[in-house]
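First comes the structure, then the notes that go with it.
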Amino acid sequence: MPEILEAEAARLVLEESALKRKIVSVEATDAWYLKGGLTLRAARAALPGHKFIRARRRGKQLFLDTNLSGPVVGLHLGMSGRVVVDRKAAGDPLLYASNRDAKEWYRFAVVFADGGRLALRDPRRLGAVVFDADEDRLGPDALSLGLVDLRAAVSKSRAPLKAVLMDQKRIAGLGNLLTDEALWRGAFDPTRPANSLDASELARLHRAIRTTLRTLGRRGGSHTGDLMVARLPGGACPLDGAPLRRQKVGGRTTYFCPQHQI
DNA sequence: GATGACCTGTGA
DNA sequence: TCACAGGTCATC
């Protein structure tokens with residue numbers, strides 16, 4: 001997604017405008033979008049008559065709790081999804097996703113008794129709606145990540161540091177852009193074995209992650225990092241001007257500075 | 001763990 | 001036409 005910052009923006013919109021409204025119907029023209037065995041029939045049997053009472057998030061995964069022991073509705077935005085409540089879309093426009101507004105991109109919607117609706121718009125269809133998902137498949141949330149959590153996440157693997165940070169069952173929420181930015185700010189080579197960090201490096205990485213999330217959160221999203229402007233073939237490090245390296249790490253395109261990220 | 005698959009849109 | 005995209009999953 002939309003990484004953790006966009007998911008949090010979506011959660012806020014849900015919290016502010018999707019709670020305590022009676023649900024009257026469910027629209028899911030795209031059966032593909034329902035995952036974990038969920039069917040349109042089941043969703044229509046389970047949701048109408050209920051209200052959402054809480055909007056939660058763990059990493060990039062959103063959860064809506066319902067009253068009267070209804071299901072927990074899980075929403076995932078995939079690579080291009082956005083939450084739209086009534087006419088208001090959550091968060092900033094996505095960089096690599098179109099911000100056009102085609103009818104057929106609306107994959108799922110919950111209609112409220114007042115006539116409003118909560119919808120998911122997702123051109124690429126990589127998002128998902130799931131009921132009662134196993135939330136513990138995700139690691140600790142990156143926005144409240146403690147140093148102890150970070151140590152536990154990285155200390156047991158010699159996989160590339162970046163791959164470990166992006167592994168959602170170890171730490172939930174860090175995606176490609178945020179991870180590159182945090183490693184750049186903390187001056188870490190993304191390909192370093194995760195378990196090679198000593199105590200002071202772990203503390204430095206922890207600070208870098210926190211600073212990255214706080215700063216980019218204030219600026220308005222995962223795409224507002226300092227490294228972002230140089231994220232193109234031939235880009236130069238905004239810190240020291242060295243040519244950035246572009247390389248696949250953990251299966252994702254990675255930009256880093258071979259000069260200061262060691 | 002690395003790889004390719006999933007799906008669609010965009011821009012070169 | 002091709003490569004690429006802020007994510008995740010199955011599979012080797």
Side-chain angles (χ1 to χ4, degrees), chain A residues 1-10 29-37 57-62 74-83 89-108 120-130 133-135 137-139 142 153-154 156-184 190-195 212-213 216-217 219-229 231-235 246-255:
Chain A
M1 52 185 121
E3 304 187 35
I4 194 168
L5 299 175
E6 288 70 30
E8 176 59 14
T29 44
D30 194 349
W32 159 267
Y33 213 72
L34 307 176
K35 297 292 158 71
R57 181 192 54 72
R58 179 146 162 187
K60 311 169 190 175
Q61 178 75 53
L62 296 162
L75 307 176
H76 200 289
L77 304 177
M79 291 276 270
S80 61
R82 298 183 76 181
V83 163
D92 275 0
L94 290 166
L95 213 58
Y96 301 116
S98 171
N99 293 291
R100 270 170 42 220
D101 203 7
K103 269 268 188 301
E104 62 270 26
W105 292 346
Y106 285 80
R107 312 292 176 187
F108 179 84
L120 245 57
R121 168 155 51 90
D122 183 3
R124 284 179 67 185
R125 297 171 82 206
L126 290 170
V129 175
V130 191
D134 173 15
E135 303 183 16
R137 293 181 56 227
L138 297 166
V154 303
K156 286 179 185 155
S157 170
R158 24 181 236 88
L161 181 56
K162 173 172 177 176
V164 170
L165 293 176
M166 287 183 54
D167 182 345
Q168 302 299 299
K169 62 182 185 294
R170 291 198 163 96
I171 297 171
L174 298 180
N176 200 30
L177 296 182
L178 289 174
T179 306
D180 274 9
E181 177 82 10
L183 292 173
W184 176 79
T191 66
R192 264 184 75 166
N195 62 3
T212 297
L213 293 178
L216 275 54
R219 290 182 190 171
S222 307
H223 61 287
T224 61
D226 294 355
L227 186 60
M228 202 61 203
V229 296
R231 224 187 149 73
L232 69 174
R246 179 185 194 269
Q247 184 183 328
K248 292 265 186 209
V249 181
R252 310 301 301 281
T253 300
T254 302
Y255 286 87

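Residue numbering restarts at 1 for every chain, and letters A, B, ... go by the order of the sequence lines.
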Rounded interatomic separation in angstrom, taking [atom1] from [X] and [atom2] from [N]:
| X | N | atom1 | atom2 | answer |
| --- | --- | --- | --- | --- |
| A:Arg192 | B:dG1 | CZ | P | 17 Å |
| A:Arg82 | C:dG7 | CZ | P | 16 Å |
| A:Leu77 | B:dT8 | CG | C1' | 16 Å |
| A:His223 | C:dA5 | NE2 | P | 17 Å |
| A:Tyr33 | B:dT8 | OH | C1' | 12 Å |
| A:Trp105 | B:dG9 | CH2 | P | 6 Å |
| A:Asp122 | C:dA5 | CG | P | 18 Å |
| A:Leu5 | C:dG7 | CG | P | 12 Å |

Just to confirm, is there a sub-4.0 Å distance from OP1 or OP2 of [N] to any side-chain nitrogen or oxygen of [X]?
| X | N | answer |
| --- | --- | --- |
| A:Lys35 | C:dC9 | no |
| A:Trp32 | B:dC6 | no |
| A:His76 | C:dT8 | yes |
| A:Ser80 | B:dC7 | no |
| A:Arg124 | B:dC6 | no |
| A:Arg121 | B:dT8 | no |
| A:Lys248 | B:dA2 | no |

Let me confirm one number: the [atom1]-[atom2] distance from [X] to [Y], rounded to the nearest 0.5 Å.
| X | Y | atom1 | atom2 | answer |
| --- | --- | --- | --- | --- |
| A:Leu232 | A:Tyr255 | CG | OH | 6.0 Å |
| A:Glu8 | A:Leu213 | CD | CG | 11.0 Å |
| A:Leu5 | A:Thr224 | CG | OG1 | 7.5 Å |

Could you please name the option among [options] that lies closest to any side-chain atom of [X]?
| X | options | value |
| --- | --- | --- |
| A:Arg252 | B:dG9, B:dC7, C:dT8 | C:dT8 |
| A:Leu126 | B:dG9, B:dC6, C:dC4 | B:dC6 |
| A:Met79 | B:dT10, C:dC9, C:dA5 | C:dA5 |
| A:Ser157 | B:dC7, C:dT8, B:dG1 | B:dG1 |
| A:Glu3 | B:dC7, C:dG7, C:dC4 | C:dG7 |

### Task
Under the side chain to side chain contact (heavy atoms under 4.5 Å, CB included) rule, what do A:Arg246 and A:Thr253 come out as? Steps first, then yes or no, please.
CA-CA 7 Å; A:Arg246 179 185 194 269; A:Thr253 300; 3.9 Å; yes
### Message
Do the side chains of A:Arg82 and A:Asp101 get close enough for a salt bridge, i.e. N-O under 4.0 angstrom?
### Response
no
#### Entry: Pair assignment for DNA chain B - dot-bracket with | for other-strand partners, Watson-Crick or G-U under 3.5 Å
||||||.|||||
### Message
side chain to side chain contact (heavy atoms under 4.5 Å, CB included) for A:Thr212 and A:Trp184? Distances and angles first, verdict last.
### Response
CA-CA 10 Å; A:Thr212 297; A:Trp184 176 79; over 6 Å; no
### Task
For the pair A:Val249 and A:Leu161, evaluate side chain to side chain contact (heavy atoms under 4.5 Å, CB included) and give the outcome as yes or no after the intermediate values.
CA-CA 9 Å; A:Val249 181; A:Leu161 181 56; over 6 Å; no
### Query
Should we say atom NZ of A:Lys35 is surrounded by more than 12 heavy atoms from elsewhere, each under 6.0 Å from it?
yes
### Side-chain donor or acceptor of A:Arg124 paired with backbone N/O of A:Gly78 under 3.5 Å
no
### Message
Rounding to an integer number of angstrom, what distance separates B:dC7 and C:dT11 when you compare their P atoms?
### Response
15 Å
#### Entry: Given A:Thr179, A:Asn176, A:Thr191, the one that forms side chain to side chain donor-acceptor pair (under 3.5 Å) with A:Lys162
A:Asn176
### Query
When you measure from every atom of DNA chain C, which of residues 160-175 of chain A have a heavy atom less than 4.0 Å away?
A:Gln168, A:Gly175
### Message
Quick one, A:Asp122 with A:Leu77, criterion side chain to side chain contact (heavy atoms under 4.5 Å, CB included). Give me CA distance, side-chain angles, the key distance, then yes/no.
### Response
CA-CA 7 Å; A:Asp122 183 3; A:Leu77 304 177; over 6 Å; no
